[in-house]
Amino acid sequence: MTMTVIWTGMVVLSILCGLATGRGPAVASAAVEGASAAVQLALSIAGMLCLWTGVMEVMRRSGLADGLSRLLAPVLRRLFPQAARDRDTMDISANVSANLLGLGSAATPLGLEAARRLARRSPGTASNDLCMLVVCNTASIQLIPTTVASVRAAEGCAAPFDILPAVWLASTLSVGVGILACKIFAGVWKE
């Protein structure tokens, strides 16, 4: 709700400033051009997202996703010790896998389902595992940043994946700091 008020206020303020300075037609033209550019960008990103979502589905049906889950299980058990006892809750690995592929749109429903399962274990409060899931999902390590690469490709970049080393470094650091903060705060505020 707050963001709606902020964005609406910014739009109204922009229109009023444009009218007050005599640039009403330029503001209207910019609004139309911006809407057109947004639709073009969304359509160009859709192809890349469909490709990688399809890859994720092939991984799931072929059993590769289960193999990845088994590979990630030791790490996830250490990160989510309370949830490790529940097999359904440990489907967090599907969320982590989607984030590794840079598929935020596919990771979101998987993360929400995992969060619902974790929330059932401690109704009314956020458990340490739930806080860790939110941090890991938000900061997620991205091996293949498909969304960013597709935006770069749509804008004419000749090498959209040349950002990989920077993405790996930044996402690893952000996840590391987030996990460290979760562990520190979990020690400060005991459940």
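When a residue number appears, it is its place in the shown sequence, counting from 1.
No continuous path of ILVMFWY side-chain contacts below 4.5 Å connects Val135 to Leu79, so the two sit in separate hydrophobic clusters. Criterion: ILVMFWY side-chain heavy atoms under 4.5 Å apart, direct or through other members. Under it, Leu112 and Leu76 are not part of a common hydrophobic cluster. No continuous path of hydrophobic side-chain contacts links Val134 to Val96 [ILVMFWY only; heavy atoms under 4.5 Å]. With hydrophobic clusters built from ILVMFWY side chains whose heavy atoms lie under 4.5 angstrom apart, Val58 does not share a cluster with Leu71. Under the 4.5 Å side-chain contact rule for hydrophobic residues, Val148 and Leu173 do not share a cluster.
Residues satisfying the side chain to side chain donor-acceptor pair (under 3.5 Å) criterion with Ser150, sequence neighbours excluded, are absent altogether. Judged as a side chain to side chain donor-acceptor pair (under 3.5 Å), and not counting sequence neighbours, the contacts of Glu33 are Ser29. Under the rule for a salt bridge (charged side-chain N to carboxylate O under 4.0 Å, His left out), Arg78 has no partner lying at least two apart in sequence or in another chain. Among residues two or more places apart in sequence or in another chain, the side chain to side chain donor-acceptor pair (under 3.5 Å) test is passed with Arg120 by none.
When every heavy atom of Pro145 is checked against every heavy atom of Phe161, the shortest pair comes out as O-CE2, 4.4 Å. Contact between Pro160 and Ile163 at its shortest, heavy atoms only, is O-CG1, 3.8 Å.
Once rounded to the nearest 0.5 Å, the distance linking CZ of Phe80 with CG of Leu118 reads 7.5 Å. Taking CG of Asn137 as the reference point, atom CE of Met132 lies at 13.0 Å (rounded to 0.5 Å).
With Ser36 contributing its side chain and Val32 its backbone, the two residues share no donor-acceptor pair below 3.5 Å. Although no hydrogens or angles enter the test, the distance criterion places no donor-acceptor pair under 3.5 Å between the side chain of Ser140 and the main chain of Cys136. No donor-acceptor pair under 3.5 Å is formed between the side chain of Thr172 and the backbone N or O of Leu169.
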Under 3.5 Å donor-acceptor pairs involving side-chain atoms of residues 177-184, not counting sequence neighbours:
none

Donor-acceptor contacts under 3.5 Å from residues 13-27 side chains, at least two apart:
from  : atom 1 : to    : atom 2 : distance (Å)
Ser14 : OG     : Met10 : O      : 2.8
Thr21 : OG1    : Cys17 : O      : 2.9
Thr21 : OG1    : Gly18 : O      : 3.3

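At a threshold of 4.5 Å between non-hydrogen side-chain atoms, the residues Asp129 and Leu133 do not count as touching.
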How far apart are the C-alpha atoms of Arg152 and Asp162, what are their side-chain angles, what is the distance that settles it, and do they pass the side chain to side chain contact (heavy atoms under 4.5 Å, CB included) test?
-> CA-CA 10 Å; Arg152 287 172 51 94; Asp162 66 351; 2.5 Å; yes
